[in-house]
*Asks:* 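Dropping a structure here in structure tokens format, bear with me for questions.
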Amino acid sequence: MAGTGGALAADALPGFFISVEGVDGSGKTTQAGQLAESLSRDGHQVQVVRDPGTTALGERLRALLLEPAADWALEGWAETALFLAGRVQLTAEVVRPALESGAVVISDRYIDSSLVYQGARSIPWEAILELHRICGADLRPDLTLILDLEISAARGRREGRPSLDRLESEPNTYHEKVRAGYLEVARRFPERAVLVSADRSPDAVARDCLELARARLQPRRAV
Ligand SMILES: Nc1ncnc2c1ncn2[C@@H]1O[C@H](COP(=O)(O)OP(=O)(O)OP(=O)(O)O)[C@@H](O)[C@H]1O
Ligand SMILES: [Mg+2]
């Protein structure tokens with residue numbers, strides 16, 4: 001089956017790789033943090049990363065890519081290449097070594113974000129996947145939690161923020177394409193991607209995420 005795997009899937013490594021995905025404001029950062037706490041309490045070594053970000057290069061690219069009042073144009077392929085560059089560095093410098101050491105890595109966004117956000121700009125998924133394969137940034141998550149939320153609800157949650165970043169400032173039509181892209185990710189990669197309804201209290205969402213993670217982690221840890 002075509003996957004985001006290629007040569008090296010994360011499940012070939014001793015650790016466990018979880019990506020958290022969803023539209024802007026769906027609760028990814030909240031849930032990544034809660035899940036990390038719960039899995040730490042279960043006795044796992046847990047590392048949370050954010051994509052783009054975490055590495056020195058990634059954080060600089062993040063600032064550039066999300067700059068709220070960007071007064072310069074960013075062509076779709078250029079945007080694809082910049083997110084890819086951050087992910088290559090993150091994978092090589094942090095995610096792969098942590099998985100090799102047996103840790104649970106929780107990534108606040110990963111490759112699916114490129115599929116759906118750049119896909120919504122008509123960049124073909126196959127090209128994005130192939131670029132990631134070529135660059136060794138194609139670790140396949142053991143579990144992808146897709147926090148599904150209507151765009152209007154997600155927008156409402158972000159209203160208190162001082163300013164919207166470059167991608168948040170895109171029109172609703174763009175964000176609707178992003179949400180539809182995530183539903184397509186769930187259809188296309190059912191072996192790893194699970195839709196979680198995010199239109200509930202943070203604790204209710206967290207309970208589902210933890211249950212899904214435990215169900216996949218426990219068989220892997222049992223000897
Ligand atoms: N289940 C929830 N119900 C209501 N509000 C929530 C819920 N989860 C998170 N929030 C709030 O909504 C806002 C967005 O949450 P969060 O930052 O976790 O989302 P995100 O998906 O990481 O957003 P971004 O894409 O901008 O990084 C925050 O103010 C957070 O406290
Ligand atoms: Mg966030």
Side-chain angles (χ1 to χ4, degrees), residues 17-40 46-55 58-70 74 79-80 82-83 86-87 90 94-95 105-121 141 143-186 193-213:
F17 187 25
I18 301 171
S19 57
V20 184
E21 297 277 359
V23 299
D24 295 359
S26 56
K28 297 176 297 296
T29 305
T30 304
Q31 293 303 324
Q34 290 220 21
L35 187 57
E37 270 183 35
S38 299
L39 292 178
S40 298
V46 183
Q47 180 148 12
V48 179
V49 299
R50 65 177 187 175
D51 177 8
T54 305
T55 66
E59 290 296 332
R60 291 173 84 160
L61 287 174
R62 182 184 185 94
L64 179 75
L65 283 161
L66 299 182
E67 194 177 303
L74 192 48
E79 187 181 60
T80 301
L82 290 170
F83 279 110
R87 194 165 299 126
L90 174 67
V94 184
V95 178
V105 176
I106 302 174
S107 192
D108 188 340
R109 297 191 179 281
Y110 196 63
I111 192 167
D112 297 321
S113 286
S114 283
L115 294 181
V116 304
Y117 281 81
Q118 279 74 61
R121 302 197 199 285
L143 173 63
T144 297
L145 299 164
I146 300 176
L147 305 180
D148 185 48
L149 187 64
E150 285 189 12
I151 300 305
S152 54
R155 280 224 178 255
R157 286 184 188 179
R158 300 196 317 271
E159 254 158 24
R161 293 193 186 178
S163 62
L164 296 179
D165 69 36
R166 190 178 59 86
L167 290 165
E168 286 170 343
S169 306
E170 290 281 353
N172 274 3
T173 49
Y174 177 77
H175 289 286
E176 292 292 357
K177 280 190 201 168
V178 168
R179 186 183 183 208
Y182 277 126
L183 301 182
E184 179 60 24
V185 167
V194 184
L195 287 173
V196 176
S197 168
D199 195 13
R200 297 174 292 154
S201 73
D203 285 350
V205 179
R207 269 194 298 277
D208 278 7
C209 292
L210 180 59
E211 200 176 299
L212 286 160

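Residues: numbered from 1 along the sequence shown. Counting convention: from 1, in listed order, for ligands and their atoms alike. Predicted, not measured: the structure shown is a model, and the values here were computed from it.
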*Asks:* Output yes when a side-chain donor or acceptor of Ser38 lies under 3.5 Å from a complementary backbone atom of Leu35, and no otherwise.
*Replies:* no

*Asks:* At under 4.0 Å between heavy atoms, is it the side chain or the backbone of Ser201 that contacts ligand 1, or both, or neither?
*Replies:* backbone

*Asks:* Applying side chain to side chain donor-acceptor pair (under 3.5 Å) to Asp112 and Tyr117, what does each step give before you reach the verdict?
*Replies:* CA-CA 8 Å; Asp112 297 321; Tyr117 281 81; over 6 Å; no

*Asks:* How about Arg200: does its CZ atom have over 12 heavy atoms from other parts shown lying under 6.0 Å from it?
*Replies:* yes

*Asks:* Would you say Thr29 and ligand 1 have an N/O pair spaced under 3.5 Å apart?
*Replies:* yes

*Asks:* For Ser107 and Ser19, does a side-chain donor sit closer than 3.5 Å to a side-chain acceptor?
*Replies:*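 Side-chain D/A pair, Ser107 to Ser19: absent.
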
*Asks:* Any idea which part of Arg200 is under 4.0 Å from ligand 1, heavy-atom wise: side chain, backbone, both or neither?
*Replies:*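 The part of Arg200 near ligand 1 is the backbone, not the side chain.
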
*Asks:* Please step through salt bridge (Lys or Arg N to Asp or Glu O under 4.0 Å) for the pair Lys28 and Asp51, ending with a clear verdict.
*Replies:* CA-CA 11 Å; Lys28 297 176 297 296; Asp51 177 8; over 6 Å; no

*Asks:* Among all the protein's non-hydrogen atoms, which is closest to atom 24 (P) of ligand 1, and how far away is it?
*Replies:* Gly25 N, 3.6 Å

*Asks:* Rounded at 0.5 Å granularity, tell me how far NE2 in His175 sits from OG in Ser169.
*Replies:* 7.5 Å

*Asks:* Going through the checks in order, is the side chain to side chain contact (heavy atoms under 4.5 Å, CB included) test met by Gln34 and Asp203?
*Replies:* CA-CA 9 Å; Gln34 290 220 21; Asp203 285 350; 3.8 Å; yes

*Asks:* So, at under 2.8 Å, which protein N, O or S atoms would a careful student list around the Mg ion (ligand 2)?
*Replies:* Thr29 OG1

*Asks:* Looking at Arg109, which atoms of ligand 1 are within less than 4.0 Å of one of its heavy atoms?
*Replies:*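 It comes down to these atoms of ligand 1: 25 (O).
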
*Asks:* Please work out, at 4.0 Å between heavy atoms, whether the side chain, the backbone, both, or neither of Glu21 comes within that distance of ligand 1.
*Replies:* neither

*Asks:* Given the rule in the side chain to side chain contact (heavy atoms under 4.5 Å, CB included) test, do Leu66 and Leu167 qualify, once you have shown the distances and angles that lead to the verdict?
*Replies:* CA-CA 7 Å; Leu66 299 182; Leu167 290 165; 4.0 Å; yes

*Asks:* If you compare all heavy atoms of Leu82 against all heavy atoms of Leu61, which two are closest, and at what distance to 0.1 Å?
*Replies:*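 Distance-wise, the nearest heavy atoms are O-CD1, 3.5 Å.
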
*Asks:* Grab the two heavy atoms, one from Ser40 and one from Val46, that are nearest each other, plus how far apart they are.
*Replies:*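 Looks like OG-CG2, 3.6 Å.
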
*Asks:* Decide yes or no on side chain to side chain donor-acceptor pair (under 3.5 Å) for Ser114 and Arg87, but give the supporting numbers first.
*Replies:* CA-CA 10 Å; Ser114 283; Arg87 194 165 299 126; 2.8 Å; yes

*Asks:* I need the nearest protein heavy-atom contact for atom 17 (O) of ligand 1: residue, atom name and distance, please.
*Replies:* Arg161 NH2, 3.2 Å

*Asks:* For atom 3 (N) of ligand 1, what is the closest protein heavy atom, and at what distance to 0.1 Å?
*Replies:*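 Ranking protein heavy atoms by distance from atom 3 (N) of ligand 1, first comes Arg157 NH2, 3.3 Å.
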
*Asks:* Would you mind listing every salt bridge (Lys or Arg N to Asp or Glu O under 4.0 Å) that reaches into residues 146-155, with sequence neighbours excluded?
*Replies:* Asp148-Arg179

*Asks:* Decide whether the shortest distance between a heavy atom of Gly22 and an atom of ligand 1 is less than 4.0 Å.
*Replies:* no

*Asks:* Numbering the atoms of ligand 1 from 1, which are under 4.0 Å from a heavy atom of Glu168?
*Replies:*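 Per the distance check, 26 (O).
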
*Asks:* For the residue pair Glu67 and Asp165, establish whether any side-chain heavy-atom pair is separated by less than 4.5 Å.
*Replies:*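 Counting from C-beta outward, Glu67 and Asp165 never come under 4.5 Å.
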
*Asks:* Which atoms from ligand 1 have a heavy atom of Asp24 less than 4.0 Å away?
*Replies:* 25 (O)

*Asks:* Among protein heavy atoms, which lies nearest atom 18 (O) of ligand 1, and at what distance?
*Replies:* Thr30 OG1, 2.5 Å

*Asks:* Checking contacts now, so for atom 7 (C) of ligand 1, which I'm interested in, is there any protein heavy atom under 4.0 Å?
*Replies:* yes

*Asks:* Assess the side chains of Ser113 and Glu21: does a donor N or O sit below 3.5 Å from an acceptor N or O?
*Replies:* yes

*Asks:* Considering heavy atoms of the protein only, find what lies nearest to atom 25 (O) of ligand 1 and give residue, atom and distance to 0.1 Å.
*Replies:*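 The answer is Lys28 NZ, 2.8 Å.
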
*Asks:* Distance under 4.0 Å to a non-hydrogen atom of Gly27: what atoms of ligand 1 satisfy this?
*Replies:* 15 (O), 16 (P), 18 (O), 19 (O), 20 (P), 21 (O)

*Asks:* Short N/O distance, under 3.5 Å, between Pro202 and ligand 1?
*Replies:* yes

